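Take a look at the structure set out below.
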Amino acid sequence: MTTIILAVIVVALLVVIGASAAVRVLREYERGVLFRLGRLVDLRGPGLVLLIPAVDRMVRVSLRTVTLNVPMQEVITRDNVPVKVTAVAYFRVV
C-alpha cells in the first residue's frame, strides 16, 4: 500500500515539474522568439505561452527603450581646443 502511495506522489511530482517547464508568462513589454530544435518557429506575444519541454526553447526580447550612458571623453577639435563630451544612446528593438 505504501509503495503505491509513494509511486503516485513521484508521478504527481514529475507532472508538476513537467508542467512548470512547459509554461512561460510574457509581460506586456516582452515578446518571445520560439525555437523548435534550433530552428525559428514563431514569435509569441504577451501572455501565457505553452512550450514542449526539451524540444522548444524561447528567448525573451524586451521592447522597452534602453539607455546606454557613454562615459565622458576628452577630444580635441580642429582648432586644437580640448572639449569634454558626454553622450547617451537610446535603442529599442522593433
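Bear in mind that the values here come from a model prediction, so they are computed numbers and not experimental data. Below, all heavy atoms of this structure are taken into account, side chains as well, without hydrogens, waters or symmetry copies.
- Checked against side-chain contact (heavy atoms from CB on, under 4.5 Å), Val61 has the following partners two or more places apart in sequence or in another chain: Val33, Val93.
- Residues passing the side chain to side chain donor-acceptor pair (under 3.5 Å) test with Asn80, sequence neighbours excluded: none.
- Looking only at side-chain heavy atoms (C-beta outward), Arg24 and Leu51 come within less than 4.5 Å of each other.
- Tracing side-chain contacts under 4.5 Å through hydrophobic residues (I, L, V, M, F, W, Y), one reaches Leu34 starting from Val49; they form part of the same cluster.
- Contact of the Val85 side chain with the Glu74 side chain is not registered, since no non-hydrogen atoms from C-beta on lie closer than 4.5 Å.
- Here Leu48 sits in one hydrophobic cluster together with Val23, Val25, Leu50; the rule is ILVMFWY side chains under 4.5 Å apart, joined directly or through other members.
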Q: Step by step, work out the side chain to side chain contact (heavy atoms under 4.5 Å, CB included) result for Leu26 and Arg31.
A: CA-CA 7 Å; Leu26 292 174; Arg31 297 298 181 265; 5.7 Å; no
For residues 8-20, dump all side-chain donor-acceptor pairs below 3.5 Å to protein atoms at least two apart in sequence or in another chain.
from, atom 1, to, atom 2, distance (Å)
Ser20, OG, Val16, O, 3.4
Ser20, OG, Ile17, O, 2.8

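- Every residue two or more places apart in sequence or in another chain that forms a side-chain contact (heavy atoms from CB on, under 4.5 Å) with Val70 is listed here: Gln73, Ala87.
- Screening residues 78-94 for salt bridge (Lys or Arg N to Asp or Glu O under 4.0 Å) gives no qualifying pairs among residues at least two apart or on separate chains.
- When hydrophobic side chains of Ile, Leu, Val, Met, Phe, Trp and Tyr are connected at separations under 4.5 Å, Tyr90 ends up clustered with Val88.
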Q: Check the pair Phe35 / Val41 against side chain to side chain contact (heavy atoms under 4.5 Å, CB included), numbers first and verdict last.
A: CA-CA 5 Å; Phe35 295 98; Val41 176; 5.9 Å; no
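- Counting heavy atoms from C-beta outward, Arg27 and Ser62 have side chains that stay 4.5 Å or more apart.
- Within the structure, salt bridge (Lys or Arg N to Asp or Glu O under 4.0 Å) contacts touching residues 41-52 (residues at least two apart or in different chains) are Asp42-Arg44.
- In the hydrophobic clustering, where aliphatic and aromatic side chains (Ile, Leu, Val, Met, Phe, Trp, Tyr) are joined below 4.5 Å either directly or transitively, Val55 groups with Leu37, Ile52.
- Cluster partners of Leu68, by chain and number: Val66, Phe91. The rule joins Ile, Leu, Val, Met, Phe, Trp and Tyr whenever side-chain heavy atoms lie under 4.5 Å apart.
- Evaluation of the salt bridge (Lys or Arg N to Asp or Glu O under 4.0 Å) test over residues 45-66, restricted to residues two or more places apart or in two chains, returns Glu30-Arg60, Arg36-Asp56.
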